[in-house]
Amino acid sequence: NAQFDPKSGKDYIWGQLIMPEGTELRTKYKNQYETAILKNQRFEYDGETYASPSLLCNAMRGHTSNNAWIHLEIKRPKDIDYKLADKFRR
């Protein structure tokens, strides 16, 4: 279950993961990294916007069905490097 933080208006809450504005999300598909960014409460990728990490992940991976938790890597503005989304659930 994902939602936006009503207090900040910009943070996206996905399970236990809080993603502030400017968070980068990426996945490796066909030996190439595809990268998106969280802006204005939407995930922007390849000129399109997506309402959830799941929809984003599927689009980034050739419009196929995927588990976003195990395919997306997250880098929030204060993070040094990307971390697999699933690691935030543990």
Side-chain angles (χ1 to χ4, degrees):
N1 294 339
Q3 61 187 18
F4 293 106
D5 181 356
K7 292 178 186 172
S8 75
K10 294 187 178 186
D11 290 350
Y12 190 98
I13 301 170
W14 182 29
Q16 297 169 344
L17 172 58
I18 298 172
M19 293 182 279
E21 177 95 355
T23 294
E24 295 177 20
L25 302 91
R26 75 177 183 186
T27 187
K28 195 168 190 178
Y29 182 64
K30 294 189 177 182
N31 291 322
Q32 181 175 325
Y33 280 108
E34 301 292 334
T35 304
I37 191 163
L38 178 62
K39 279 185 173 179
N40 301 317
Q41 301 184 342
R42 293 287 182 261
F43 300 96
E44 295 185 2
Y45 166 70
D46 199 27
E48 300 289 332
T49 58
Y50 299 90
S52 72
S54 178
L55 293 172
L56 170 69
C57 184
N58 292 344
M60 294 170 86
R61 299 180 60 80
H63 296 280
T64 58
S65 181
N66 297 273
N67 180 338
W69 286 105
I70 63 171
H71 288 290
L72 288 179
E73 296 177 335
I74 310 295
K75 183 175 180 244
R76 298 165 299 183
K78 293 183 179 181
D79 293 339
I80 294 170
D81 205 356
Y82 286 90
K83 185 176 178 182
L84 188 63
D86 194 48
K87 303 261 186 213
F88 290 96
R89 295 199 297 181
R90 301 173 190 182

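With sequence neighbours left out, the side-chain hydrogen bond (donor to acceptor under 3.5 Å, both in side chains) criterion links T64 to N66. Looking at residues two or more places apart in sequence or on another chain, you find no side-chain hydrogen bond (donor to acceptor under 3.5 Å, both in side chains) involving Y50. With sequence neighbours excluded, the residues that form a side-chain contact (heavy atoms from CB on, under 4.5 Å) with E21 are K10, K39, N40. Contacts of T23 classified as side-chain contact (heavy atoms from CB on, under 4.5 Å), with partners at least two apart in sequence or in another chain: M19, P20, L25, L38, I74, R76, P77. With sequence neighbours excluded, no residue forms a side-chain hydrogen bond (donor to acceptor under 3.5 Å, both in side chains) with Y33.
Atom-to-atom distance recorded for Y45:OH and T35:OG1 is 8.5 Å, nearest 0.5 angstrom. In this structure, CD on E34 lies 8.5 Å from OG1 on T27, to the nearest 0.5 angstrom. One distance of note links CG of L55 with CZ of R42; it measures 10.0 Å at 0.5 Å rounding. Atoms OG1 and CD1, from T49 and I37 in turn, are 13.5 Å apart once rounded to the nearest 0.5 Å.
Looking at D79 and E24, their side chains never come closer than 4.5 Å, going by heavy atoms from C-beta outward.
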*How far apart are the C-alpha atoms of Y29 and M60, what are their side-chain angles, what is the distance that settles it, and do they pass the side-chain contact (heavy atoms from CB on, under 4.5 Å) test?*
CA-CA 8 Å; Y29 182 64; M60 294 170 86; over 6 Å; no
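Pairs passing the salt bridge (Lys or Arg N to Asp or Glu O under 4.0 Å) check and including a residue from residues 56-75, sequence neighbours excluded, read R26-E73. For residues 60-90, every residue pair satisfying the ring-ring contact (aromatic ring centres under 6.0 Å, His included) rule, not counting sequence neighbours, is listed here: W14-W69.
When all heavy atoms are compared, the tightest approach of P53 to A68 is O-CB, 3.8 Å.
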